[in-house]
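Numbering starts at 1 and runs along the sequence shown.
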Amino acid sequence: MPRLGVGCFAGRRRLSCRGISWAARAMVDPTPYPELNELLAELVASARVALGQAFVGAYLQGSFAVGGFDRHSDVDFVIVVADELSDGQVDALQTLHGRIYGLPPEWAQHLEGSYFPVATLRNWGRRREPLWYLDHGSHSLIRSDHCNTLVVRWVVREHGVILAGPNPATLLDPIPVDTLRQEIRATICTWGQQILDDPGRYANRFYQGYIVLNYCRMLHDLVQGCPGSKRAGARWVKASLDPAWSALIDRAWDGRPNPAAAVREPADAAAFSSTLRFVKAVIAESARYAPLPATE
């Protein structure tokens with residue numbers, strides 16, 4: 001699927017979400033979903049007010065940037081700021097996200113993203129430093145390094161959907177493919193070991209499918225040398241690895257809707273056992289494509 005950009009949807013949409021300000025009309029549609037476009041416009045307009053001169057830009061990353069999104073996708077964003085956020089700015093953003101979470105469209109509960117100081121974003125040697133982060137399904141910010149990765153930087157630079165601000169390529173330097181591959185393999189191995197060491201933590205229906213699709217995506221990204229979508233990763237693994245994994249992958253994809261309910265339901269025992277074996281298989285396969293970083 002081609003990348004969406006600010007010029008892809010020429011028309012404006014009539015506001016339909018009660019509580020979203022008229023100022024939201026200003027943004028050109030960045031996605032095919034009118035309710036989401038209105039919500040994103042409100043997010044950007046409110047962030048500009050909360051941050052003032054510190055606001056630099058706002059971008060979609062994740063599946064809405066690389067493709068493969070649908071109505072069940074997370075809405076991954078990055079907001080770039082001039083410097084580390086002050087206590088007052090954080091308080092204003094906490095209020096902002098609490099209000100947006102309560103807005104009518106279901107998309108409001110599926111935002112996920114981080115506030116990146118521009119110097120941190122440009123210097124990918126500062127990855128893993130904690131940022132102010134909104135977790136999927138949350139209405140408040142926490143400190144987390146979740147988005148502070150090379151993969152997120154690569155997607156923002158190469159495919160980020162501009163909601164406001166300059167071309168993201170002006171904010172980020174190119175990332176060497178070998179360095180990107182090392183990070184992807186390190187994530188495959190370190191997260192995989194955590195899953196295998198403490199499987200009970202992940203033994204619900206949501207995580208069972210989430211793990212399978214993310215391991216498909218990461219292995220595909222590792223082989224290709226660039227980040228892509230879960231959908232592309234699932235197709236590639238089904239075509240490239242043992243066909244015995246196909247049923248597990250299809251089940252994971254079909255189970256994506258309604259994650260809030262799925263996280264409260266136990267995983268199917270047989271499917272979860274297969275998921276753990278799949279993680280081991282991907283870890284072993286990943287060794288063919290990149291060494292682990294020296295610091296790992």
Side-chain angles (χ1 to χ4, degrees), residues 4 6 9 12-52 54-65 69-81 85-116 130-144 146-147 152 160-165 204-207 210 256-265:
L4 303 176
V6 292
F9 297 93
R12 301 297 198 276
R13 305 288 188 179
R14 182 178 60 83
L15 290 176
S16 59
C17 299
R18 187 174 304 164
I20 294 182
S21 70
W22 188 89
R25 296 174 191 249
M27 188 172 63
V28 175
D29 295 346
T31 84
Y33 306 117
E35 301 92 346
L36 176 55
N37 296 333
E38 293 161 2
L39 186 75
L40 291 171
E42 178 65 14
L43 172 65
V44 170
S46 299
R48 284 185 184 275
V49 172
L51 295 168
F55 180 91
V56 174
Y59 308 90
L60 289 182
Q61 56 109 2
S63 60
F64 280 96
F69 60 83
D70 60 22
R71 286 190 172 273
H72 306 299
S73 297
D74 299 350
V75 184
D76 298 294
F77 69 87
V78 161
I79 292 179
V80 184
V81 294
L85 297 178
S86 68
D87 290 345
Q89 288 168 332
V90 172
D91 289 344
L93 291 172
Q94 299 286 24
T95 300
L96 178 165
H97 285 291
R99 178 178 62 81
I100 285 182
Y101 183 88
L103 292 175
E106 188 176 349
W107 294 109
Q109 288 83 54
H110 297 292
L111 296 176
E112 180 175 336
S114 289
Y115 289 80
F116 259 99
L131 308 169
W132 285 107
Y133 166 67
L134 181 74
D135 198 2
H136 178 222
S138 179
H139 56 75
S140 59
L141 302 175
I142 60 173
R143 294 288 281 175
S144 172
H146 182 275
C147 297
V152 167
V161 178
I162 303 171
L163 303 178
N204 60 61
R205 189 165 63 83
F206 166 75
Y207 263 125
Y210 180 81
R256 290 174 64 248
N258 200 3
V263 76
R264 296 191 296 269
E265 299 173 5

Nearest heavy-atom contact between E35 and P105 is CB-CB, 4.1 Å

Close side-chain approach of Y115 to L85, heavy-atom, < 4.5 Å: yes

Any side-chain heavy atom of Y59 within less than 4.5 Å of one from V80? yes

V44 and I79, any side-chain heavy atoms less than 4.5 Å apart: no

Inter-residue atom distance F77.CZ - S114.OG, 0.5 Å rounding: 7.0 Å

Contact check, side chains of W132 and R143, non-hydrogen atoms, under 4.5 Å: yes

To the nearest 0.5 Å, how far apart are CG in D29 and CD in E38? 8.5 Å

Under the 3.5 angstrom rule, does the side chain of D74 hit a backbone N or O of D76 as a donor-acceptor pair? no

Which value, rounded to the nearest 0.5 Å, describes the distance between H72 atom NE2 and E106 atom CD? 9.0 Å

From I100 CD1 over to W107 CH2, what is the distance, rounded to the nearest 0.5 angstrom? 15.5 Å

Does any non-hydrogen side-chain atom of L111 lie less than 4.5 Å from one of Y101? no

Heavy-atom check, side chain of H97 versus side chain of L43, under 4.5 Å: yes

How about Q89 and V81: do any of their side-chain heavy atoms sit closer than 4.5 Å? no

Given V78, which partner from the list L131, L163, V152, L60 fulfils the side-chain contact (heavy atoms from CB on, under 4.5 Å) test? V152

What is the minimum heavy-atom distance between V161 and P30, and which atoms define it? CG1-CB, 3.8 Å

Please enumerate all residues that pass ring-ring contact (aromatic ring centres under 6.0 Å, His included) together with H136, with sequence neighbours excluded. H110

Which heavy-atom pair separates F116 from C147 by the least distance, and what is that distance? CZ-O, 3.5 Å

If you compare all heavy atoms of A164 against all heavy atoms of R48, which two are closest, and at what distance to 0.1 Å? CB-NH2, 3.3 Å

Under a 3.5 Å distance rule, please check whether S138 uses its side chain to pair with a backbone N or O of L134 as donor and acceptor. no

E112 and D135, any side-chain heavy atoms less than 4.5 Å apart: yes

F69 and T31: side chain to side chain contact (heavy atoms under 4.5 Å, CB included), yes or no, with the steps? CA-CA 10 Å; F69 60 83; T31 84; 5.7 Å; no

List the residues meeting salt bridge (charged side-chain N to carboxylate O under 4.0 Å, His left out) with E265, not counting sequence neighbours, and say none if there are none. R205

Spatial distance of atom CD (Q109) from atom CG (L39) [nearest 0.5 Å]: 9.0 Å

